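As the structure is a prediction and not an experimental result, all values here were calculated from the model. The chains referred to below are lettered A, B, ... by the order of the sequence lines, with proteins before strands, and numbering in each begins at 1.
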Amino acid sequence: MTTTQSRNDLYLEVQQYYARQTHMLDAPDLEGYSNTFTEDAEFVHSAGRPPARTRAGILADLVDFHRRFEEDPMKRRHHFSMIDLVPLADGSIRSTFYALVVITRPGQGPELRASCVVRDVLVREDGELRNRSRVVEID
Amino acid sequence: MTTTQSRNDLYLEVQQYYARQTHMLDAPDLEGYSNTFTEDAEFVHSAGRPPARTRAGILADLVDFHRRFEEDPMKRRHHFSMIDLVPLADGSIRSTFYALVVITRPGQGPELRASCVVRDVLVREDGELRNRSRVVEID
Amino acid sequence: MTTTQSRNDLYLEVQQYYARQTHMLDAPDLEGYSNTFTEDAEFVHSAGRPPARTRAGILADLVDFHRRFEEDPMKRRHHFSMIDLVPLADGSIRSTFYALVVITRPGQGPELRASCVVRDVLVREDGELRNRSRVVEID
């Protein structure tokens, strides 16, 4: 396999991975989403909230965070774009991309909720990509 | 051709296909857009409107739908993202993705018009991808 | 290398190229961004502004354009999507895509600033993609 090919295979795999990951997050299927993180992962997703650590900790944090949507129902959609991948020396991959969060409340039009820069470190476990870390910086 | 390669070739082909399809829809080149559907296709694109069936029926429905833009001129842009592809047993491909519709009226700034989840079934005819069905679910 | 493969390699290379280019533009790293243009490039980026010509001219024009952000601080993010590539006879590539510009002012939510159709001509110099021209048409 050439270097170009393996680099391209990875770029596509990451796009497909992010598609499934965001579909789970927005469903919401919080357990499915948290399973895309490694057991020892770190997730920093909102300014002012401390980092969530370990897969179980990330799930607990997400469940807590999503409580606010019980009183303010909305569809949320995460759009990731402009993905830049850099392979690191230890075999992991640094992925830097933009995320737009679009929400729609019942009976209303959609609105932009957040514009973010996201910094992931991705690793491969049992042949599958997973997030070892994700840091979300809201503009 | 390896499985990885053929899966990746397909993912790229779908991205390129959607780019051309949306450019036609937004031009608008409704005939060009309806030609991306198979002769027996089904298209459900707006809540409350019955499904359009057959390529000719889809074109007629689109022409009818676009009449509203004669009195309310605007540029429309469809942004597809987070594409998840699943090959089906019969050789067709299920594609699930997000769509944002952005409109701009003369002299005004752009606004988000709709946030959608779209479910396509794609098939290959004469070597080209086409939509056998498209179901648009508006948030 | 098959035609399909080289076409796909190019599509991915363009996606990665645009990711890095927009990250530089939005940082903003105007010198880095202007270095993605060829020495003799032409850049038409705003209705009513004359085209910027040559890499040095493009940088000077960008520095001038970005002065407005000193008095109106904001984060800007360029989201490119729906990329359609057409190889031209002279070896260059015509790329047509949509761009959304999202801005966020301190303490405020994000807003859509512009919806655009962008027409690039890309060439390869020393193995790297560069813009020989870019024409931005704001909706």
- Query: Which heavy atom of A/Leu112 sits nearest a heavy atom of C/Leu112, and at what distance?
  - Reply: CD1-N, 3.9 Å

- Could you go step by step and tell me if A/Val117 and C/His23 meet the side-chain contact (heavy atoms from CB on, under 4.5 Å) rule? CA-CA 10 Å; A/Val117 178; C/His23 294 186; over 6 Å; no

- Any idea which of C/Gln21, C/His78, C/Glu13 has the most non-hydrogen atom pairs under 4.5 angstrom with chain A? C/His78

- C/Thr22 versus A/Tyr98, closest heavy-atom pair with distance: O-OH, 3.4 Å

- Item | A/Arg94 atom CZ, over 12 foreign heavy atoms within 6.0 Å | no

- Within a reach of under 6.0 Å around CZ of C/Arg49, are more than 12 heavy atoms found that belong to other residues, nucleotides or ligands? yes

- chain A: which of C/Lys75, C/Arg105, C/Arg77 shares the most heavy-atom pairs with it under 4.5 Å? C/Arg77

- Measure the spacing between CD of C/Glu111 and OG of A/Ser115 and express it to the nearest 0.5 Å. 11.0 Å

- Item | Test side-chain contact (heavy atoms from CB on, under 4.5 Å) applied to C/Gln16 and A/Asn8, A/Leu85, A/Ile83, the passing residue | A/Leu85

- Considering non-hydrogen atoms only, spot the tightest contact between C/His79 and A/Ser81 and give its length. ND1-OG, 2.7 Å

- Task: Mind running side-chain contact (heavy atoms from CB on, under 4.5 Å) on C/Gln15 and A/Gln15 for me, showing each step along the way?
- Result: CA-CA 11 Å; C/Gln15 290 188 63; A/Gln15 290 188 61; 3.4 Å; yes

